[in-house]
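The chains referred to below are lettered A, B, ... by the order of the sequence lines, with proteins before strands, and numbering in each begins at 1. Since the model is a prediction, treat every value here as computed from it, not as a measurement.
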Amino acid sequence: MSIKLKDDSSSEDEESTLVTVSKHKKSSKKITKSVKRESSDEDDDILHAARKKQKRLKKDLKDTKTRNSHENGKSSHKTKKKTSKTIKKESENIDDEDKTLADVASQSQLSSSTKASSVDIKESSEDFKWWENNDKEDDSIKWTTLRHNGVIFPPEYQPLPSHVKLYYDGKPVDLPPQAEEVAGFFAAMLETDHVKLPIFQKNFMHDFLEVLKENGGTRNNVEIKDFEKLDFTKIAEYFQVQKEQKKQLSPQEKKQLKLEKEEFEKPYKFCEIDGRIEQVGNFRIEPPGLFRGRGAHPKNGKLKRRVYPEDVVLNLDKNAPIPEPPKGHKWGEIRHDNTVQWLSMWRENITNSFKYVRFAANSTLKGISDFKKFEKARMLKDHIDKVRADYKAKLKSPKTLDRQMAVATYLIDVFALRAGGEKSEDEADTVGCCSLRYEHVTLKPPNTVIFDFLGKDSIRYYQEVEVDAQVFKNLKIFKRPPSGPGHQLFDRLDPSILNKHLQNYMPGLTAKVFRTYNASKTMQDQLDLIPNEGTVAEKMLRYNAANRTVAILCNHQRTVTKGHATSVQKATERIEELEWQKVRYKRAILQLDKSERKKDPNYFKEIDDLSKEEELTIHKRIIEREREKYKRKFERENEKRKFDKEEALPDSQLMEWLAKVDDLEKQYQRESDTGIIEVRESLKNVEKLKQQVERLEKRITNASLQLKDKEDNSTVALGTSKINYIDPRLSVAFCKKFDVPIEKVFTKTLREKFRWAIESADENWRF
DNA sequence: ATCAATACTTAGCACCATGGAG
DNA sequence: CTCCATGGTGCTAAGTATTGAT
């Protein structure tokens, strides 16, 4: 069998015929099923046809849903249920149809495989609501049937055109394609910071020379020795040009390419598990390239080699047809392991570990795991008091192991530290709780601790915090000589010892559960503080603030975007200018009616607060910006005209524009000299001016709020906690309770991932 | 019991589509 | 309507935890 998800257009006629036929056929589902089990040869085709059917149904379902939610808004709950019921009924009939379909489909050209298979198609994946059955069956078996079409391999290497070459010591180098590819990897990264790292250059050079040697060395007898003498710029320029060309394609061409790509990927994007069609996550084999480790990774710059079908293991059910490997190749291994949830795997050459092709985040298995994770964290609620009381008591235990265990648990619980497993020499030096060393913790009496270490992804954890007095004492003991820099703080501990101990409190309790628990608990507490008032935007601001609290707890960071500093400066200047404009209008008011000042002196106070110098700076800035604006406009317009083969704008046009700016500059100058504001006729009215001031004030508060939010968020990543730590049902309950559309909180992909939460939690749900 | 291998979750970053401001 | 910033998504590295072998 090969699972084929034909696009609707190509098979529409056929389908509609089938639908009509099937409408007259009404047989019981059970019978159909049993017949299907016995059937053999045609099953592929049955499956295939049914797939299409499912797809059509899914589409219908979607359409109906969309329509419902549009028409009925939030009150569509009942309608939805009804809709899906109707559809379920219809989908039961699918099985009937399939029977009928079999002959038709097997004769059609749709299916290429003749392998035997038997699969019950129970439901379309969108109908399957695993969270509505709470049967706690054995979860070591992940599936009974699993079939898929394998993986997509990266395209073969396309050698560079002969005029594009690597240069060594000024001389062009003829490289064998294998080595040229590696040189190309480096060239493509020339603009990144990575290539500046000495370790990156060294590792690259080593692997590059190795590949070169493997393939017979350079072909024009250039001997490459020094990295310094390599010149990649010609290759980099070539890539740049190619990129530009791609950008230049017409929108239609782009669309066409995208469509073709999607069409090609379709068969790999979906798989079939227990009769349901579900999405595959990463169905593409990782392309070769230069390893980009995070932080000071000793293997940075090494060549990540190309993966061939021979390196790849496929996991399918025993009866599943084996996908065709790429021409001239064989699969490394075919496995039938239903205790795991990967579809395919291969070994990667940098760290010698496995890479897996797995289900997408919206899949049943991932959903169940996710659900279980949060349920486990919720279960900790019932044990946390005991755990805390225990570690508090054990802080004074006479046994060092117990004390270490108590302190470690405290740190994991209170500061949400990770477990901190041991790492080998050829990885970046990062730590978590158990692997903390002497130098990562500084003690400041009476009870302040400064944590400073690199955690996962080499993200710095820096916190100056007050801790429990006994924790402080213990840390002091752990740091006593002979301990010193380089020594483990918890020398008797590692995650497996700690976790084993934690299991005593609750089955399945491990260090990471505390992170989930505390993150979700914090979110719940923060959400509880939000009053149900104000606009959706205001509520979202609060929600994000709550989210941020969690992200900070978990130390989820992001690097500030390259434009951040400038964009903050711009926003600040913008606010200053708005303030100035406001003052200007207020002056104009006084010009019209001096008595206004007596009526409300406070209102006009800020006029005096603005110094002459400040004002002049603002003038200059505005004028400067206006000039730039017109110059840019002029250039851009001419570029466009050149491209369209039109006549360029005359310089006089630019002069004309700039003259306008000159006028403005003069006006500001006059206003500054005389103190008389020149507002336009329509604004020579106290009421109108006051309105303007009010509008400006609104804009200022808005801009200031946005700026503050931007600043607060610049180094904090909210996404990670939203995706991994905060029980999605909290967000769902928040939305339902506060009348916030779920789209504001979860993106489309997150809504799919968290469908179980969206459909199971109501406004009263609590973590 | 211990260690290595395997499997699965969590993480930040690059890229690009999109939508709001001008 | 255009432009640019921003958020969403894909990618894959880097963790944690469990399983399996000795």
For [X], report the nucleic acid contact type (base, sugar-phosphate, nothing); a contact means any heavy atom under 4.0 Å.
X: A:Arg292; answer: sugar-phosphate
X: A:Gly420; answer: sugar-phosphate
X: A:Gln341; answer: sugar-phosphate
X: A:Thr561; answer: nothing

Output the rounded distance in Å from [atom1] ([X]) to [atom2] ([N]).
X: A:Leu417; N: C:dG15; atom1: CG; atom2: C1'; answer: 14 Å
X: A:Arg418; N: B:dG12; atom1: CZ; atom2: C1'; answer: 11 Å
X: A:Lys261; N: C:dG10; atom1: NZ; atom2: P; answer: 10 Å
X: A:Asn555; N: C:dA14; atom1: CG; atom2: P; answer: 17 Å
X: A:Leu718; N: C:dG7; atom1: CG; atom2: P; answer: 9 Å
X: A:Glu286; N: C:dT12; atom1: CD; atom2: P; answer: 5 Å
X: A:Asn544; N: C:dG8; atom1: CG; atom2: C1'; answer: 15 Å
X: A:Lys255; N: B:dT18; atom1: NZ; atom2: C1'; answer: 13 Å

Is the distance from OP1 or OP2 of [N] to the nearest side-chain N or O of [X] less than 4.0 Å?
X: A:Thr747; N: C:dT9; answer: yes
X: A:Tyr356; N: C:dT12; answer: no
X: A:Lys373; N: B:dT10; answer: yes
X: A:Lys423; N: C:dG15; answer: yes
X: A:Thr351; N: C:dA13; answer: no
X: A:Lys355; N: C:dA13; answer: yes
X: A:Arg347; N: B:dT6; answer: yes
X: A:Arg358; N: B:dC8; answer: yes

Original post:
Pick the nucleotide of DNA chain C nearest each of A:Gly455 and A:Pro287; which residue has the one closer to the 5' end?
Top reply: A:Pro287
**OP:** Return the 5'-most residue of the pair A:Cys433, A:Arg558 with respect to DNA chain C, ranking by each residue's nearest nucleotide.
**Re:** A:Arg558
Go through [options] for me and flag the one nearest to the [X] side chain.
X: A:Ile459; options: B:dT10, B:dG12, C:dG15; result: B:dG12
X: A:Arg294; options: B:dT10, C:dC11, C:dA14; result: C:dA14
X: A:Glu348; options: B:dC8, C:dT9, C:dA13; result: C:dA13
X: A:Thr559; options: B:dG12, B:dA14, B:dC13; result: B:dC13

Establish, from distance only, whether the side-chain atoms of [X] and [Y] form a donor-acceptor pair under 3.5 Å.
X: A:Thr430; Y: A:Lys423; result: yes
X: A:Glu278; Y: A:Thr364; result: yes
X: A:Thr144; Y: A:Asp274; result: yes
X: A:Glu260; Y: A:Gln256; result: yes
X: A:Asn338; Y: A:Asp317; result: no

Under 3.5 Å, N/O pairs linking protein and nucleotides 17-22 of chain C:
{"unit_1": "C:dA17", "atom_1": "OP1", "unit_2": "A:Thr510", "atom_2": "OG1", "d": "2.8"}
{"unit_1": "C:dA17", "atom_1": "OP1", "unit_2": "A:Ala511", "atom_2": "N", "d": "3.2"}
{"unit_1": "C:dA17", "atom_1": "OP1", "unit_2": "A:Lys512", "atom_2": "N", "d": "2.8"}
{"unit_1": "C:dA17", "atom_1": "OP2", "unit_2": "A:Asn499", "atom_2": "ND2", "d": "3.0"}

Original post:
Which one of A:Arg305, A:Lys202, A:Lys302 satisfies the salt bridge (charged side-chain N to carboxylate O under 4.0 Å, His left out) criterion with A:Asp207?
Top reply: A:Lys302
**OP:** Would you please name every residue forming a ring pair (Phe, Tyr, Trp, His ring centres under 6.0 Å) with A:Phe239, sequence neighbours left out?
**Re:** none
Original post:
Where along residues 295-307 of chain A does a heavy atom fall under 4.0 Å from DNA chain B?
Top reply: none
Subject >> Close side-chain approach of A:Glu427 to A:Lys299, heavy-atom, < 4.5 Å >> reply: no
Original post:
Is there side-chain contact between A:Phe746 and A:Lys753, with at least one heavy-atom pair below 4.5 Å?
Top reply: no
Original post:
Are there more than 12 heavy atoms of other residues, nucleotides or ligands under 6.0 Å from atom CD of A:Glu244?
Top reply: yes
Original post:
Are A:Glu752 and A:Arg755 ion-paired here, with the side-chain N under 4.0 Å from a carboxylate O?
Top reply: no
**OP:** Locate the shortest heavy-atom distance separating A:Pro288 from A:Glu181; write the atom from each residue and the value.
**Re:** CG-OE2, 3.8 Å
**OP:** With DNA chain B as reference, determine whether A:Ser353 or A:Asn724 sits nearer its 5' end, using the nearest nucleotide of each.
**Re:** A:Ser353
Subject >> 5' precedence on DNA chain B between A:Leu365 and A:Lys243 (nearest-nucleotide basis) >> reply: A:Leu365
